[in-house]
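Have a look at the structure below, then the notes.
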Amino acid sequence: MNKKDAKLKIDKLRKELEYHAKKYYDEDKPEISDYEYDMMMLELKTLEKEFPELITKDSLTQKVGGHVKTGFKEVTHEVPLQSLQDVFSFDELIEFDNRVKKQLDKEEIKYVVETKIDGLSLSLEYKEGKLVQGATRGNGLIGEDVTENIKTIKTIPKELKENVTITVRGEVFIGKKEFENLNEQREVLGESLFANPRNAAAGSLRQLDSKVTAKRPLDIYIFNVQKIENNSLNSHYEQLLYLDELGFNVNPVKIYCNGIDEAIEAIKKIGEDREKLKFGIDGAVIKVDNLDDRKVLGSTYKVPKWAIAYKYPPEQKETILKDIVCQVGRTGAITPMAILEPVKVAGSTISKTTLHNEDFIKEKDLKIGDTVVIQKAGDVIPEVVEVKKEKRTGNEIDFVMPDKCPVCGRRGSS
């Protein structure tokens with residue numbers, strides 16, 4: 001690819017990524033799966049690596065997605081809440097390990113492997129053991145003050161077991177079972193369903209009315225010390241144990257590893273056991289354990305050089321789209337639902353899923369009777385990824401969106 005074509009492609013990818021980042025981070029209404037977004041980002045990074053002169057400061061490869069929502073007070077993070085570099089193969093993890101060892105001039109590195117929880121990142125500040133502020137990540141430098149909202153989350157302690165001044169980082173999430181129950185309740189009430197647990201959690205936390213937040217089954221796992229006074233611990237793993245002693249709800253999956261081989265085995269084990277977890281994950285994080293080593297390694301504007309995220313590929317299965325039926329919400333909006341030949345995906349049997357709207361059906365070119373590929377977004381919500389058009393028999397039926405309410409028969413816009 002020449003430079004001119006590369007610039008056109010890079011500009012197109014940046015525009016699309018900005019649009020989907022806004023939908024994901026700011027509006028909590030994603031239109032594509034995390035995997036599709038990751039692949040677009042990977043393509044952009046590859047092109048920017050090949051043509052570094054085309055890299056700009058406003059590229060999403062150089063900054064954290066997300067903005068402060070109107071109505072919230074801004075909070076400046078004393079320690080930035082950075083993002084993580086994503087990788088999709090074990091070879092890339094080995095490359096990461098080689099870079100770390102070379103920069104530190106060490107033969108082996110101690111790592112901690114943790115689950116990458118699919119939620120909303122949050123900082124909590126305590127002064128002399130008392131909770132004083134909670135803030136969302138925002139763009140990494142400036143977040144939203146959600147102090148009143150986080151006080152409704154039962155697993156966030158308002159007072160610690162020691163009078164320590166500390167700022168920690170955690171992930172607010174909704175558990176798998178709790179999320180299913182929440183969507184079932186919304187379905188009964190005729191309300192639109194949440195696309196996935198991450199966006200349900202983010203939307204619930206970023207409410208201007210804390211009473212709404214209080215009604216949602218939010219939880220949190222703490223995974224990092226951002227800043228602490230009068231503490232001599234130089235190990236991330238030991239800090240996590242200390243956080244547990246202070247009364248924090250610490251990420252339960254934290255594995256101390258001697259070297260990259262043990263870290264990769266830990267990541268494989270998490271992948272095998274992910275269906276048993278009560279919370280959704282979208283990967284595993286590998287972190288250098290020694291805090292002095294982290295200072296030497298440093299960070300870029302967007303990501304630390306002492307940590308990296310391995311993203312698991314989504315499990316996909318083929319099934320038959322038996323029918324498309326319409327569900328009427330409380331506001332009168334009509335949402336098409338796919339009725340599927342039951343298929344087991346990522347540990348649960350899927351027999352139906354939302355098709356969002358008429359545009360989604362047209363974009364995917366869905367017909368009743370099609371063989372379709374299903375995957376679970378965020379490990380919970382099933383979605384139709386594509387149609388296997390080569391398996392069509394000619395007996396498939398086009399779907400026509402009703403122009404009147406299937407319940408009361410009144411005409412109106414869908």
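What you see below is based on every heavy atom in this structure, not just the backbone, and it leaves out hydrogens, waters and symmetry mates. Numbers for residues simply follow the sequence, beginning at 1.
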Legend entry - Any pair counted as ring-ring contact (aromatic ring centres under 6.0 Å, His included), so long as it reaches residues 77-97, sequence neighbours left out: Phe90-Tyr310
Legend entry - Nearest non-hydrogen partners of Glu171 and Ser121, listed with the distance: OE1-CA, 3.5 Å
Legend entry - Ser59 side chain to Thr56 backbone, donor-acceptor under 3.5 Å: no
Inset, instruction - Ignoring hydrogens and angles, tell me if any N or O in the side chain of Glu74 forms a donor-acceptor pair with the backbone of Gly143 under 3.5 Å. - result: no
Legend entry - Side-chain donor or acceptor of Asn249 paired with backbone N/O of Thr155 under 3.5 Å: no
Inset, instruction - Please report the C-alpha distance between Glu191 and Arg186 in whole Å, then the side-chain angles of each, then the deciding distance to 0.1 Å, and finally whether the salt bridge (charged side-chain N to carboxylate O under 4.0 Å, His left out) criterion is met. - result: CA-CA 5 Å; Glu191 297 174 347; Arg186 293 179 71 83; 3.4 Å; yes
Legend entry - Electrostatic pair Glu386-Lys364, nearest N-O below 4.0 angstrom: no
Legend entry - Which atom of Leu122 lies closest to which atom of Val146, heavy atoms considered: CD1-CG2, 3.7 Å
Inset, instruction - Take Lys391 and Glu318 through the salt bridge (charged side-chain N to carboxylate O under 4.0 Å, His left out) test and state the conclusion after the steps. - result: CA-CA 11 Å; Lys391 294 192 175 184; Glu318 287 187 12; 2.6 Å; yes
Inset, instruction - Answer yes when Lys367 and Asp398 have at least one side-chain N-carboxylate O distance shorter than 4.0 Å, and no when they do not. - result: yes
Inset, instruction - Could I get the full list of salt bridge (Lys or Arg N to Asp or Glu O under 4.0 Å) partners for Arg392, not counting sequence neighbours? - result: Asp365, Asp370
Inset, instruction - Test Ser123 against Arg137 for side-chain hydrogen bond (donor to acceptor under 3.5 Å, both in side chains), laying out the working first. - result: CA-CA 7 Å; Ser123 72; Arg137 183 175 72 170; over 6 Å; no
Legend entry - All pairs passing salt bridge (charged side-chain N to carboxylate O under 4.0 Å, His left out) where residues 233-244 contributes a residue, at least two apart: none
Inset, instruction - Could you give me the CA-CA distance, side-chain angles and deciding distance for Lys311 and Asp86, then say whether salt bridge (charged side-chain N to carboxylate O under 4.0 Å, His left out) is met? - result: CA-CA 7 Å; Lys311 302 294 280 286; Asp86 295 332; 3.7 Å; yes
Legend entry - Distance-only polar pair, side chains of Asp91 and Ser89, donor-acceptor under 3.5 Å: no
Inset, instruction - Check whether any side-chain heavy atom of Val172 sits under 4.5 Å from a side-chain heavy atom of Ile153, and report yes or no. - result: yes
Legend entry - Distance-only donor-acceptor check, side chains Thr167 and Gln226, under 3.5 Å: no
Legend entry - Lys/Arg-Asp/Glu bridge criterion (N-O < 4.0 Å) met for Lys362, Glu358: yes
Inset, instruction - Can you tell me which residue pairs pass the side-chain hydrogen bond (donor to acceptor under 3.5 Å, both in side chains) test with a partner in residues 252-264, sequence neighbours excluded? - result: Lys110-Asn258
Legend entry - Lys/Arg N to Asp/Glu carboxylate O, Glu144 vs Lys73, below 4.0 Å: no
Inset, instruction - For the residue pair Arg206 and Thr136, confirm or rule out a side-chain donor-acceptor distance under 3.5 Å. - result: no
Inset, instruction - Say whether, by atom type as modelled, one donor and one acceptor occur between the side chain of Thr213 and the main chain of Ser204 under 3.5 angstrom. - result: yes
Inset, instruction - Give a yes or no on whether a salt bridge exists between Lys9 and Glu43, defined as a side-chain N under 4.0 angstrom from a carboxylate O. - result: yes
Inset, instruction - I would like to know whether His356 and Glu383 meet side-chain hydrogen bond (donor to acceptor under 3.5 Å, both in side chains); could you show each step before the answer? - result: CA-CA 10 Å; His356 305 292; Glu383 61 183 0; 5.8 Å; no
Inset, instruction - May I have all residue pairs that pass ring-ring contact (aromatic ring centres under 6.0 Å, His included) and include part of residues 118-173, sequence neighbours excluded? - result: Tyr126-Phe248, Phe173-Tyr221, Phe173-Phe279
Legend entry - Sub-4.5 Å side-chain heavy-atom contact between Gln82 and Val303: no
Legend entry - Atom NZ of Lys352: over 12 foreign heavy atoms under 6.0 Å: no
Legend entry - N/O donor-acceptor pair under 3.5 Å between Arg294 side chain and Val288 backbone: yes
Legend entry - Considering all heavy atoms, the nearest Phe399-Cys326 contact: CZ-SG, 3.9 Å
Inset, instruction - In plain terms, say whether Lys268 and Glu265 are close enough for a salt bridge, that is, a side-chain N and a carboxylate O under 4.0 Å apart. - result: yes
Inset, instruction - May I have all residue pairs that pass salt bridge (charged side-chain N to carboxylate O under 4.0 Å, His left out) and include part of residues 148-161, sequence neighbours excluded? - result: Lys130-Glu159, Glu148-Lys151
Inset, instruction - Could you list all the salt bridge (charged side-chain N to carboxylate O under 4.0 Å, His left out) pairs where at least one residue sits in residues 216-230, not counting sequence neighbours? - result: Glu78-Lys227
Inset, instruction - Can you see which heavy atom on Ser235 is nearest to which on Leu291, and at what distance? - result: N-CG, 4.0 Å
Legend entry - Thr61 versus Glu48, side-chain donor and acceptor atoms under 3.5 Å: yes
Legend entry - Check: Phe194 main-chain N/O paired with Asn183 side-chain donor or acceptor under 3.5 Å: yes
Inset, instruction - Evaluate the side-chain proximity of Val113 to Val285: yes if any heavy-atom separation is below 4.5 Å, no if none is. - result: no
Inset, instruction - With sequence neighbours left out, write down each residue that passes salt bridge (Lys or Arg N to Asp or Glu O under 4.0 Å) with Asp273, or none if nothing qualifies. - result: Lys269, Lys276
Inset, instruction - Please confirm whether the backbone N or O of Trp306 pairs with a side-chain atom of Lys287, one donor and one acceptor, at under 3.5 Å? - result: no
Inset, instruction - Could you tell me whether the side chains of Tyr37 and Glu16 share a donor-acceptor contact shorter than 3.5 Å? - result: no
Inset, instruction - Show the numbers, then the answer: is there a side-chain hydrogen bond (donor to acceptor under 3.5 Å, both in side chains) between Glu162 and Tyr242? - result: CA-CA 11 Å; Glu162 294 180 19; Tyr242 176 59; 2.9 Å; yes
Inset, instruction - For Lys101 and Asp97, run salt bridge (charged side-chain N to carboxylate O under 4.0 Å, His left out): C-alpha distance rounded to whole Å, both residues' side-chain angles, the deciding distance at 0.1 Å, then the answer. - result: CA-CA 6 Å; Lys101 286 191 289 193; Asp97 177 60; 3.0 Å; yes
Legend entry - More than 12 heavy atoms from other groups under 6.0 Å of CD on Glu128: no
Legend entry - Test item: side-chain donor near acceptor, Arg274 and Thr115, under 3.5 Å: no
Inset, instruction - Determine the minimum heavy-atom distance between Ile308 and Gln85, stating which atoms define it. - result: CG1-O, 3.3 Å
Legend entry - Set of side chain to side chain contact (heavy atoms under 4.5 Å, CB included) partners for Thr76, sequence neighbours left out: Ile142
Legend entry - Close side-chain approach of Asp323 to Met337, heavy-atom, < 4.5 Å: no
Legend entry - Partners passing ring pair (Phe, Tyr, Trp, His ring centres under 6.0 Å) against His20 (at least two apart in sequence or in another chain): none
Inset, instruction - Kindly write out the residues that satisfy side chain to side chain contact (heavy atoms under 4.5 Å, CB included) with Glu178, not counting sequence neighbours, or none if the list is empty. - result: Ile174, Pro217
Legend entry - salt bridge (Lys or Arg N to Asp or Glu O under 4.0 Å) against Lys177, all qualifying residues, sequence neighbours excluded: none
Legend entry - For Ile150 against Gly134, the heavy-atom pair lying closest together: CD1-CA, 3.6 Å
